[in-house]
Structures are given as structure tokens and as C-alpha cells.
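FYI, side chains are in, hydrogens and waters are out, and symmetry mates aren't considered; it's all heavy atoms of this structure. As the structure lists them, so they are numbered: ligands from 1, and atoms in each ligand from 1.
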Amino acid sequence: MPNPALDTPDSASRETAGMTSIPWWQQAVIYQVYPRSFMDSDGDGIGDLPGVIERLPHLVDVGVDAVWLSPFFASPQRDIGYDVADYRSVAPEYGTVDDAQALIDRCHDLGLKVVFDLVLNHTSDEHPWFTESRSSRDNPKADWYVWADGGTNRLGRPTPPNNWRSELVLPRAWQWGEERQQWYLATFLHFQPDLNWHNPEVEAEMTDMIRMWLERGVDGFRLDIFHTIMHDANLRPNRFRPRFRSGLPRLDDPVHTLNTDENFALGQRLRAVCDEFDGDRALLGEVFGAPEELQRYVEDEGRPGLNLVFLFDFLVAPYEAGRLRSLIARFEREYPAPHVPTYVLENHDRERSLTRLGGDERKARVMAALLCTLRGTSVLYQGQEIGMTNHPIPLREANDPIPHVVARWMPEWVHDCLPERLNRDEVRVPMQWSGEAGAGFTDPGVTPWLPFHDDHGTVNVEAQTSDADSLLNWYRELLALRHASPALRYGALELFDTDPDIIAYERRHDDERFVVVANLGERTVRHPVNDAQAAALSGPRIELRSSSVSLPPHSATVLRLG
Ligand code: GLC
Ligand code: MG
């Protein structure tokens with residue numbers, strides 16, 4: 001069921017709660033669509049925008065509020081659209097700008113908000129701006145990217161301007177430009193040159209492009225690796241400090257490349273651009289950094305910046321009540337109202353959550369219950385609602401460029417020892433709509449751009465729709481509860497101190513009160529509920545007595561109090 005309050009364009013932007021109006025992005029569940037793998041409408045094996053439009057009713061059926069589309073702009077697709085060659089046009093295999101407009105309009109008709117993905121840090125090296133920029137030191141676009149002279153070593157070979165590393169851990173961030181005999185900065189992959197946002201022409205062009213999409217009705221943007229944009233203009237070196245972070249080696253303290261003061265200021269300027277438009281347009285930052293840095297993006301000394309930032313901790317945290325409880329407590333402290341934390345279990349870059357949970361669907365249901373009932377904005381990745389898992393693809397067959405870059409400095413056996421394999425193809429295989437040939441993704445007999453997962457015959461939307469006990473129906477039930485309840489959508493959250501295996505909290509708004517109890521342990525646990533009127537609204541066959549609820553191992557329930 002869609003949120004009735006979001007059903008019509010008029011009421012779409014605001015839900016009134018007494019005198020307070022809660023913008024949509026503070027209470028939304030956002031569904032990430034990876035367009036290349038969502039739905040292929042024209043039988044070329046590649047998902048496309050008309051395909052997304054065709055499948056929007058599924059999003060309404062699941063009960064999400066908004067859709068975020070990974071990039072579908074013109075691109076050589078070496079990083080599947082995260083290498084843009086024209087921000088104002090659509091890649092031909094995905095459709096046209098008219099299709100993008102039809103998608104925006106159709107979302108709004110269905111009561112869904114629509115969020116595009118903006119890659120502001122870099123373009124493709126095939127973007128005409130870069131082709132021009134690299135051609136000489138004095139062309140009109142010469143200063144649109146970050147070019148710098150380096151030195152020469154004893155053998156007379158060019159050496160880079162400074163010690164900056166790429167965000168792919170070990171490779172340097174500088175690439176040699178033969179024509180200019182200069183280096184260009186590429187914070188991510190070598191074919192993704194960084195735009196020079198210190199050049200006012202670049203910012204003017206990019207904000208103009210942002211306005212174009214806002215005028216077309218887009219409700220917000222997910223900002224790709226936003227923490228990397230404003231590097232130090234003087235190219236001061238980072239301090240060498242090798243260590244492991246999140247299981248990966250890091251060589252330096254990136255003070256001159258990531259989360260700089262100028263970067264926070266840029267976030268504030270982009271927010272001002274969005275605020276020129278009606279209807280709560282929102283910016284959701286993909287930013288990595290220390291907790292204080294992430295907080296600073298949303299508010300810096302009273303100045304508003306990005307509306308939301310991804311908190312990725314749930315993506316890597318072990319399935320362990322104590323750890324997750326302390327993360328929730330921390331997010332509550334760091335993002336008190338009027339701010340909200342964000343929750344995410346999966347995306348197109350990271351392992352599937354069910355894979356991380358060892359394939360135990362009970363655990364996936366527990367995590368889903370948290371995702372759908374915690375305070376804030378949650379993000380779901382396509383296929384998560386049916387429990388898609390990683391589809392193993394050998395590293396050397398990867399379409400994803402990362403394994404090939406990483407293979408230059410890391411042998412495969414070391415790669416296999418990492419906390420997570422870096423072949424992102426494994427989580428990007430086509431969406432599983434049905435068990436038929438083509439998986440309901442493309443025409444039977446068509447070879448999709450990435451192989452179908454072996455389990456699509458059994459794990460698919462059609463099969464799970466007709467199975468009352470499916471994971472899909474669990475998500476639907478949870479989201480229907482959420483939509484019917486202001487307390488679950490934007491009520492205050494109080495975390496209880498309880499059994500070490502339990503995560504329990506209350507959500508409250510006016511007189512409405514819910515208690516969510518999740519048992520992440522191996523034994524049945526009895527949790528006290530101090531309200532005679534408690535009623536279990538969802539969950540496994542929960543034994544409910546007036547003063548307590550008994551939860552089997554790895555299960556969760558939502559109780560209404562009073
Ligand atoms: C982000 C995207 C990822 C992409 C990278 C470079 O992390 O999520 O898919 O490869 O940025 O744009
Ligand atoms: Mg197609």
C-alpha cells in the first residue's frame with residue numbers, strides 16, 4: 001500500500017503532524033533501482049527507463065515512498081554510468097530525455113518521489129569537456145579538470161605532483177596526460193578525471209544542469225562520493241600514515257583530499273540551489289569519513305547542508321544485538337530531530353545482506369524489521385525484498401573495472417581474504433521477476449548483460465507474491481504498518497536496555513505507541529511488555545501474554561501499545 005498522504009502531487013511533499021510538517025525525505029523508505037539490471041523493455045538484454053516505468057507498480061506494491069535511480073545518463077559505461085559523458089542526456093540503450101520525463105511524471109502519479117544519482121566529482125574521460133581539456137594547456141576547457149605539473153626522477157621519467165592516493169586504496173590519484181605533458185587528478189578510477197570545482201565555470205555549469213532536472217520535477221539527488229570533490233587547491237600532500245580502515249589498507253590521512261572545509265561549503269551551496277524550488281527537494285550524500293564529518297554535512301554551525309547522509313555502518317556491522325544497538329544509540333545521538341539518521345543494508349557496491357547473513361532468511365527478516373521501523377530514512381536495494389544473494393562471478397571475468405585495477409597490485413588469493421570480494425557484478429545481476437526464461441527481466445532466449453542468478457527459478461517476485469510467508473510479504477507487511485502509523489514514520493524513538501540478544505525500542509507520536517522487539521540470539525527470549533493492551537501486529541507466531549512477549553530465535557515483532 002502506498003502512503004495515502006503521498007498519493008496526490010498536492011499533498012506529496014508534506015505530512016502535517018500538529019503544527020510540524022515533516023518533509024517526505026525524513027520519513028521515506030527509498031528503493032534503489034540499478035537501471036541496467038531492473039527491467040529490459042526492448043529485448044536487448046539491458047535494462048532501460050521504459051522498463052523501470054513498467055515495473056513501478058512493484059515499488060508501490062512493496063510500499064516504498066521513493067525511488068533512487070543509479071545513473072542512466074550518456075556514458076561509455078565503463079563504470080556503469082558512474083562515468084558520465086553528458087549529464088543532460090540519457091544513454092541511448094536506456095532511452096531518451098522524454099523517457100526520463102515520463103518516468104518522473106509516472107512516479108508522481110503513483111505517489112512516489114524520484115531521486116536521481118549525480119556524479120559530481122568526476123566525468124568519463126570520454127566526456128567532450130575532458131577531450132577538449134586534455135588536448136592542450138590553453139583550450140577553453142583547459143582548467144575544467146585538475147591538471148598539474150610534476151617533477152622528473154633520476155631516469156628522466158615524470159613523477160606526480162604530490163602523494164595523493166586514489167580512493168581505490170593504493171594506486172596514485174594522478175594520471176599522465178601525454179598531450180599536455182601534465183598530470184590529471186582521478187580520485188576514483190583512471191578513466192574518471194576529477195572536475196575542477198575551484199573553477200567557477202564548472203560550478204556554474206553543474207548547478208545549471210542540476211536546475212534543469214529540478215525543473216523537470218526531480219525530488220532530489222543522491223550525490224556520488226560527495227566527500228571527495230573539493231581537494232586542496234594548493235595540492236598540499238597528505239601525511240603518510242599507513243593503517244587498516246574497514247579491513248582495507250590506507251596509506252595516508254586524507255586531510256587535503258576528503259571532507260575539506262570547502263567541501264562542506266559546497267554542500268551548503270547545492271542545498272541552496274535545491275531550496276530555490278518548491279516541494280522539499282532533497283540531497284542525500286554518499287560521504288565517507290569520521291562521524292563528526294558526516295554530521296557536519298547536514299548542519300555546520302547552524303547552516304543547513306545536505307539533507308541526509310548515508311550511514312553505512314549497518315552495511316558492515318556484524319549481526320549482533322549489542323553492536324547494532326550501540327549503532328542505533330549513536331545515530332540517535334548524532335542525528336536528533338529535526339535531523340534523521342539513515343539506514344541501509346545493501347547497495348550496488350556491497351555484498352548482498354542475505355549473503356552476509358550466511359543465507360539465513362530468519363536473520364534477513366530481523367534486519368528488515370529494523371530497517372522498516374527505525375527512526376529515519378531507510379534505503380532498500382532492488383532484489384533485497386526477495387532475498388537475492390551474491391551471484392558468484394570469477395574476478396577475471398568481471399565486467400566491473402575494480403577487480404581489474406585491484407588485480408594489478410593484489411593477487412587473487414589476497415583478494416579472497418578481504419572481508420568482502422570486490423567484484424560488484426555479483427550484486428548487479430538482473431532483477432528476478434519470475435521463474436520463466438528471461439526471469440521476467442528480458443525476453444526468453446535473450447542473453448542479459450550480466451548472467452542470471454542460478455536461483456531465479458525459485459527466488460523471484462512472482463513466486464513470493466503468492467506465498468504468504470515470503471520475505472517479500474514480510475517487507476510488504478512491515479511497510480504497510482509503517483505507512484499507517486505516524487509513530488513509526490516519524491515518532492520519537494526510545495531504545496530499551498534489555499537482554500543482550502535483544503534489540504527493543506519504542507516509537508511514539510502523540511498517543512500512538514509501538515514497541516519493536518527483535519531477538520538476534522539462538523534462544524527463545526521473553527521480553528516484558530508493560531501494557532495490557534499490547535497487540536502483536538506482525539511477526540512469527542508470537543506468543544503474547546498480557547505482560548510479556550516470547551520471541552523465538554532470530555525473529556522480530558511489532559507491537560501496538562494502548
Ligand atoms: C560510488 C558509486 C560506485 C562508483 C563510484 C565512482 O561509490 O556507488 O558505484 O563506482 O562512486 O563514481
Ligand atoms: Mg533494453
* Do W183 and W176 pass the ring-ring contact (aromatic ring centres under 6.0 Å, His included) test, and can you show the C-alpha distance, the side-chain angles, and the key distance before you say yes or no? -> CA-CA 5 Å; W183 297 87; W176 182 243; 5.1 Å; yes
* To do: Can you spot which of V114, V218, L59, V52 makes a side chain to side chain contact (heavy atoms under 4.5 Å, CB included) with C107?
  => V114
Is it true that [X] and [Y] make a salt bridge, defined as a side-chain N closer than 4.0 Å to a carboxylate O?
{"X": "K113", "Y": "D280", "answer": "no"}
{"X": "R88", "Y": "D208", "answer": "yes"}
{"X": "K141", "Y": "D143", "answer": "no"}
{"X": "D253", "Y": "R243", "answer": "yes"}
{"X": "R36", "Y": "E93", "answer": "yes"}

* Can T389 and H453 be counted as having a side-chain donor-acceptor contact under 3.5 angstrom? -> yes
* Asked: Can D455 and Q432 be counted as having a side-chain donor-acceptor contact under 3.5 angstrom?
  -> yes
* Within a radius below 2.8 Å of the Mg ion (ligand 2), how many protein N, O or S atoms are present? -> 5
* Structure fact -> Ordered by chain then number, the protein residues lying under 4.0 Å from ligand 1 by heavy atom are D79, Y82, H122, F188, R222, D224, I225, E286, H348, D349, R424, R428
